[in-house]
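Structure record follows, encoded as structure tokens.
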2 protein chains.
Amino acid sequence: MTVDTRTALLDAAEYAARARGFDGFSYADLADSVGIRKASVHYHFATKADLCAAMMDRYGTDLGAACDQITARHQTGGARLLALIALYRDALQGGKTLCLCVALTGSRASLPDAAIEQIKAFRAMMLARLAAVFSAGQKDSTIKYVSDPASEACATLALLEGAHLTARAAENVGTFDDAVRVLKSRC
Amino acid sequence: MTVDTRTALLDAAEYAARARGFDGFSYADLADSVGIRKASVHYHFATKADLCAAMMDRYGTDLGAACDQITARHQTGGARLLALIALYRDALQGGKTLCLCVALTGSRASLPDAAIEQIKAFRAMMLARLAAVFSAGQKDSTIKYVSDPASEACATLALLEGAHLTARAAENVGTFDDAVRVLKSRC
DNA sequence: GTCTATAATAGGATAGAC
DNA sequence: GTCTATCCTATTATAGAC
């Protein structure tokens, strides 16, 4: 029972974008999801570009908050890395959805310019956080075999996003676990 | 100067699917690409599902052949792994396209059932080849720190596909290189 | 804020002439 | 094999009533 229609629309848009890509959902789908008419969706978001910007804005805020919480709750590099892996795993929703970055990158050609910049910003943020985690794990010896934290961060972001694809293709979260097994064994 | 219209259509469809996803291109786009009318495209491929099946069929054959060539040309596990990494790198076409598996997984919800099975088959093939490569690299000591070849294969496929996404998001192949640096340093 | 109605365009697909 | 013409549906978006 969502009270706020705008929030309900953002929820529906985010789920649809992550499940089907930016070209894979329409205003009609969102209207059906929240139980209003197509035209009413335009009242909240005049264009699909506006909707996209609002959706990604909220996503970036939520993602940053989730990462901050991980930093606050876990003290070692290894524990933080395991928590980040779990965060990505949860985002799969049983293999039904990808993280928004992954989903929208496939639709890159249809995205507003602003969205492409937002995706780059998300990735830059995650890379910085991952590099910090590897750096901490190297110092406190809670992550094994760390060579260069920046390189490890690039590899880990790619691994997590690729593991999302694997799990989405199979609609089976077990393949995500298979893909991150070696990484987890280093913590 | 392609002589065969059907081949030209498959080329256009594959490029479009890899650059924009399955929902991101239309028969009109293909018609424009090869210089015929929309209706004529339907002569070669009655439905988009037929086109998709033909496209993936050809892709699977080409990919298998490329992998066979790598096996024939390189003798050690390490050399074969480096060659597979280079194969994926080439598939990026400067950050303009993803590999077909990655691109279509984002459009999963719109795919014919047959296509989903084909994607799973591609992945299974690549996992088997990668596991063999890691197994060989472990025995001949040309890949360092190999624990379990099957787990390494899952992680590597995810890494390569994730590195594709990273490079596509940035439209910059350098980010692919960043993501695979740690893996390459093990060879 | 939500509705009906409507516009303008694009999508996949078919019929039948050449 | 390719064309024109057409169909039906979907899509983004707007105008104006309630």
Side-chain angles (χ1 to χ4, degrees), chain A residues 1-56 58 103-104 106-116, chain B residues 1-56 58 103-104 106-116:
Chain A
M1 315 309 169
T2 316
V3 258
D4 180 2
T5 303
R6 187 189 150 92
T7 302
L9 284 170
L10 283 176
D11 290 344
E14 185 184 318
Y15 187 89
R18 290 170 57 181
R20 295 157 36 175
F22 192 68
D23 296 319
F25 74 95
S26 69
Y27 270 44
D29 297 325
L30 304 183
D32 283 352
S33 283
V34 311
I36 58 175
R37 296 298 196 151
K38 267 199 306 179
S40 308
V41 180
H42 283 279
Y43 169 80
H44 296 279
F45 304 100
T47 68
K48 211 178 175 186
D50 293 334
L51 170 67
C52 184
M55 176 179 73
M56 296 185 75
R58 189 182 71 159
L104 293 189
S107 318
R108 192 186 196 282
S110 305
L111 298 182
D113 289 344
I116 293 174
Chain B
M1 316 313 168
T2 316
V3 258
D4 180 2
T5 303
R6 188 189 150 91
T7 303
L9 284 169
L10 283 177
D11 290 343
E14 185 184 319
Y15 188 89
R18 290 170 56 181
R20 295 155 39 173
F22 192 68
D23 296 319
F25 75 95
S26 69
Y27 270 44
D29 297 326
L30 304 183
D32 284 351
S33 284
V34 311
I36 57 175
R37 298 297 198 151
K38 260 202 312 179
S40 307
V41 180
H42 283 280
Y43 168 80
H44 296 278
F45 304 100
T47 68
K48 212 179 174 186
D50 292 334
L51 170 67
C52 184
M55 175 178 73
M56 297 186 74
R58 190 183 70 159
L104 293 190
S107 318
R108 193 186 195 282
S110 306
L111 297 182
D113 289 344
I116 292 174

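- Annotation: proximity of residues 13-27 of chain B to DNA chain C (heavy atom, distance under 4.0 Å) is found for Phe25(B), Ser26(B), Tyr27(B), numbered in ascending order.
- Shown for residues 28-55 of chain A: residues whose heavy atoms fall under 4.0 angstrom of DNA chain C, namely Ile36(A), Arg37(A), Ala39(A), Ser40(A), Tyr43(A), His44(A).
- Evaluation of the salt bridge (Lys or Arg N to Asp or Glu O under 4.0 Å) rule for Asp29(B) yields Arg20(B) as partners, not counting sequence neighbours.
- The shortest side-chain heavy-atom distance between Tyr27(A) and Leu51(A) falls under the 4.5 Å cut-off.
- Remark: side-chain polar atoms of Thr47(B) are paired, donor with acceptor, to backbone N or O of Asp50(B) under 3.5 angstrom.
- Scanning all heavy atoms of the two residues, the minimum distance from Ala17(B) to Ala103(B) falls at O-CB, 3.4 Å.
- Helical stems in DNA chain D, defined as runs of 3 or more consecutive Watson-Crick or G-U wobble pairs with donor-acceptor distances under 3.5 Å: C:1-10 with D:9-18, C:12-18 with D:1-7.
- Taking the side chain as every heavy atom from C-beta outward, Leu30(A) and Ile36(A) never approach each other to under 4.5 Å.
- Residues passing the ring-ring contact (aromatic ring centres under 6.0 Å, His included) test with His44(A): none are found, sequence neighbours excluded.
- Although no hydrogens or angles enter the test, the distance criterion places no donor-acceptor pair under 3.5 Å between the side chain of Lys48(A) and the main chain of Leu111(A).
- Taking 4.5 Å as the limit, some side-chain heavy atom of Arg6(A) sits within range of a side-chain heavy atom of Phe45(A).
- Put simply, Thr5(A) has a side-chain N or O that comes within less than 4.0 Å of OP1 or OP2 on dT2(C).
- Take Arg37(B) and apply the side chain to side chain donor-acceptor pair (under 3.5 Å) test, not counting sequence neighbours, and it matches no residue.
- Ion pairing between Arg58(A) and Asp11(A) holds under the 4.0 Å rule for side-chain N and carboxylate O.
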